[in-house]
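Have a look at the structure below before the remarks.
Quick note on labels: first sequence line is chain A, next is B, and so on, each numbered from 1.
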Protein chains: 4
Amino acid sequence: MDEPTRYDEKLGEILRQSATIFADRGFHQASVRDISAETGVSLSGLYYYFKSKEELLFLIQQHCFESLLVQVAAGLEGAVGPEARLRTLIEIHLGFFVANMPEMKVLSHEADALAGEYAARVLGLKRDYVALVRGCVEPLLPPDTSLDARTATFALFGQMNWIYNWYRPSRDPDAAGLARQMADLFIAGLHGARGSAADDAADDGSDEEKRALDVAPGALGAGGAL
Amino acid sequence: MDEPTRYDEKLGEILRQSATIFADRGFHQASVRDISAETGVSLSGLYYYFKSKEELLFLIQQHCFESLLVQVAAGLEGAVGPEARLRTLIEIHLGFFVANMPEMKVLSHEADALAGEYAARVLGLKRDYVALVRGCVEPLLPPDTSLDARTATFALFGQMNWIYNWYRPSRDPDAAGLARQMADLFIAGLHGARGSAADDAADDGSDEEKRALDVAPGALGAGGAL
Amino acid sequence: MDEPTRYDEKLGEILRQSATIFADRGFHQASVRDISAETGVSLSGLYYYFKSKEELLFLIQQHCFESLLVQVAAGLEGAVGPEARLRTLIEIHLGFFVANMPEMKVLSHEADALAGEYAARVLGLKRDYVALVRGCVEPLLPPDTSLDARTATFALFGQMNWIYNWYRPSRDPDAAGLARQMADLFIAGLHGARGSAADDAADDGSDEEKRALDVAPGALGAGGAL
Amino acid sequence: MDEPTRYDEKLGEILRQSATIFADRGFHQASVRDISAETGVSLSGLYYYFKSKEELLFLIQQHCFESLLVQVAAGLEGAVGPEARLRTLIEIHLGFFVANMPEMKVLSHEADALAGEYAARVLGLKRDYVALVRGCVEPLLPPDTSLDARTATFALFGQMNWIYNWYRPSRDPDAAGLARQMADLFIAGLHGARGSAADDAADDGSDEEKRALDVAPGALGAGGAL
DNA sequence: TATGAATGAGTATTCATTCAT
DNA sequence: GATGAATGAATACTCATTCAT
């Protein structure tokens, strides 16, 4: 990984077009030749911009994720109060997703396609982001709830990230409308979810996340959750 | 597609093992050789049981989906009242998902890997299932809500199906617990989601689902949502 | 080759259908599965009738060739005079060819597909037949001609055997008409072909044919001429 | 077929060697690996020069045929009078055949191995060539003959093309001698072939050729005659 | 920066054939 | 006589990647 390829304009263009191709065809199904054809850059010429197809995927995921994190961080600054924070986060996440659908589909759907150092770095970003989202969810959990913070957090991720499977701009609400609906649904759900059983008070948080997101070889999750 | 490969015991075993391999490595990354190695059946011998790798995937998805539909149909018979129906459905869906994680991951994650007749047939099953779930969600929407039935339905699917990305039996609640939490969360969300904007009164239902699930060539969704 | 598979009714049917398949698709392109499908006999069941695909081809060629030889021998008995003999031979050859087009196409076109003992046996038949035809051609060569008997003989074979490439019953003359035209053309050609250069007097005949028809490894002819 | 592979020196070498291999072993029996071994180009490297084995065959046939057409066109320019024209054509055809035996065998013998666009393009060349040859044959047909122009034309093709089955440079006349003999034989045959039955006066020519060369699905000829 | 030419490793699939029943 | 189940060997082709220029 030594020297990460630097990020100039042309690379930016390649990443954008590649993301669309990966989103459409799937990472493994799309060939570097497809990218060559689409970008107009010769097959070997592409390797000036990335050193492997896997690095290309990494660059897409990294760039996309970092942009998302920047926007979220900026957005949360103006939000006061737990509910406002969570609403803001949902708005930004969905707004970014809808505005960058190919990249976000690739980020969500091709989590397992990276390995080694690349996987580790994206995983690091994901871990931070999951912790951040969880940090916005937990304050809204009723004190006596039986709802796990972890379950609730991933339920929210599921709601939001699944959209790449069904959302169609032409017939569904726009990003703002979608965000409002999902925020209403989820926040009302949290408020109303007060229950019987044991909660997850014993949860130490950081360590739990770590394990939850670790690559579990042979296990199903493989830590790929956003 | 003429004559679908028949379903005997040995084929059943092959499907089960292949589902695990596809879940672990991804459909396109897994080679038929991998399946040969895992099952102990020779490479060419496998082709006695299915006529292409794609048919193998289809058989897995079809069998898995049909089993799910049978269980759901049976479960709903004993459920009276809208809320009980939706709770039952969530229980069965998640119970089946957790009990058949590899198959369900393959069903959820490899939707785009099928084409042509195979895709059409699985899509038909999905359309029916989405309609059924939506039929359980709609009665619980408050009359004055601004929440789209379609959005709510896919939010639920997202919550549930996303679990293949994060759920780990050893540290998360069991299927029943998961179902209760998700049902509490979602149903409370529905109840509390009363809002401002236009509702989906104009929604004719069947036709909308149809369009929503159509393969939209070049579009991102591609109708693959569960 | 020990015990040649015996020739019963069912085998006859298989040979006929296989000849058609080989004629249509070519020997190597046609699979034993194709023959299984066409005949309705199971794949493994076919191997009761022949012990290899190559033997099947041999049986077709042998049976076809032997039938031709029988008809020719019978026909020549009633022919008196050199020209009548040659005319008769052309009539029978073309009549048989047109009436057994698939088999004769296979015999003409798939000469190189046999090897070893099978090839040797068919070659033996071919050698005899070529000698017989040449025996009918030579008496008609003018004494002072510069036309090689060998060249003339194979020119005749070329005229006749090439028909599998162009002859269509619906728009070309029937077998009798075709035979008359070709006989007229060739016999008139022989009569008129008196020339300048050296003739083939030095030709010792049998040995020449032998060499000419031998399998010449790596050479082009490969002895496959009819 | 979009962009036909371009024709450089190395490709020329590959075509030449491949033609020999196809002539020796037959198109379907020869593997691309054989060609790799013979040419010294790696298996995958070959696909830089053609995009499928079938295209390779097409390129061989096309290049060979076009060269033949060029030579024939040039040769006929200096020929005056019907007989001189036909003699010239036979000389050039046989001279080219003998000088390019592997290619011409492949052209003659592997007519059915091409399909679709490839087949159509070679067929177009063949149609033109057949028409040209027929145009050289017809003026020599006696006015009262019963010999069909079509039959005569294909008889000539049969005589000439069949040589790949028997001709051996070491023991047969050279190309010039062969041409003289075949021309003598065929032209004398035409002159002497005056007969009884209906001639082909009703023949409209171009349309007849067209039908005769059409691919007749399921029929034996399949239009592959040269 | 960029590319044409090349390659080793791998892919799904087909094939003729066998054997226990 | 006949077949379902199985297989080893081969096939055409693709892929990510490299390297001399």
Separation of [N] [atom2] from [X] [atom1] (nearest whole Å):
{"X": "D:Asp34", "N": "F:dA10", "atom1": "CG", "atom2": "C1'", "answer": "11 Å"}
{"X": "C:Lys53", "N": "E:dA16", "atom1": "NZ", "atom2": "P", "answer": "4 Å"}
{"X": "C:Leu43", "N": "F:dG4", "atom1": "CG", "atom2": "C1'", "answer": "10 Å"}
{"X": "D:Arg33", "N": "E:dA9", "atom1": "CZ", "atom2": "P", "answer": "12 Å"}
{"X": "B:Phe58", "N": "E:dA12", "atom1": "CZ", "atom2": "P", "answer": "20 Å"}
{"X": "B:Tyr49", "N": "E:dA12", "atom1": "OH", "atom2": "P", "answer": "20 Å"}
{"X": "C:Tyr48", "N": "E:dT17", "atom1": "OH", "atom2": "P", "answer": "19 Å"}

Minimum-distance nucleotide to B:Ser31 side chain [options: E:dA12, E:dA16, F:dA12]: E:dA12
Measuring from the side chain of A:Ser42 (C-beta onward, heavy atoms only), which nucleotide among E:dA16, F:dT11, E:dA2 has the closest atom? E:dA2
Member of C:Leu46, C:Val106, C:Ile35 meeting the side-chain contact (heavy atoms from CB on, under 4.5 Å) criterion with C:Ser18: C:Ile35
So, for [X] and [Y], which heavy atoms are closest and what is the spacing to 0.1 Å?
{"X": "C:Ala113", "Y": "C:Leu57", "answer": "CB-CD2, 3.5 Å"}
{"X": "C:Ile60", "Y": "C:Ala19", "answer": "CD1-N, 3.8 Å"}
{"X": "C:Lys105", "Y": "C:Ala23", "answer": "NZ-O, 3.0 Å"}

Which nucleotide, in any strand shown, forms a Watson-Crick or G-U wobble pair with [N], with both distances under 3.5 Å?
{"N": "E:dT14", "value": "F:dA9"}
{"N": "E:dT21", "value": "F:dA2"}
{"N": "F:dT14", "value": "E:dA9"}

A:Phe27 and A:Phe22 aromatic ring geometry - parallel, tilted or perpendicular at 30°/60° bounds: perpendicular
Hey, which of these two, A:Val41 or D:Leu46, hits DNA chain E nearer its 5' end, going by closest nucleotide? A:Val41
Residue mapping more 5' on DNA chain E - nearest nucleotide basis, D:Lys10 or B:Phe27: D:Lys10
Using a cut-off of strictly less than 4.0 Å, decide whether C:Tyr47 has a side-chain nitrogen or oxygen near OP1 or OP2 of E:dT17. yes
The residue, C:Gly45 or D:His28, whose nearest nucleotide of DNA chain F is more 5′ is C:Gly45
hbond_proxy C:Ser44 side chain to F:dG4 base (donor-acceptor, 3.5 Å cutoff): yes
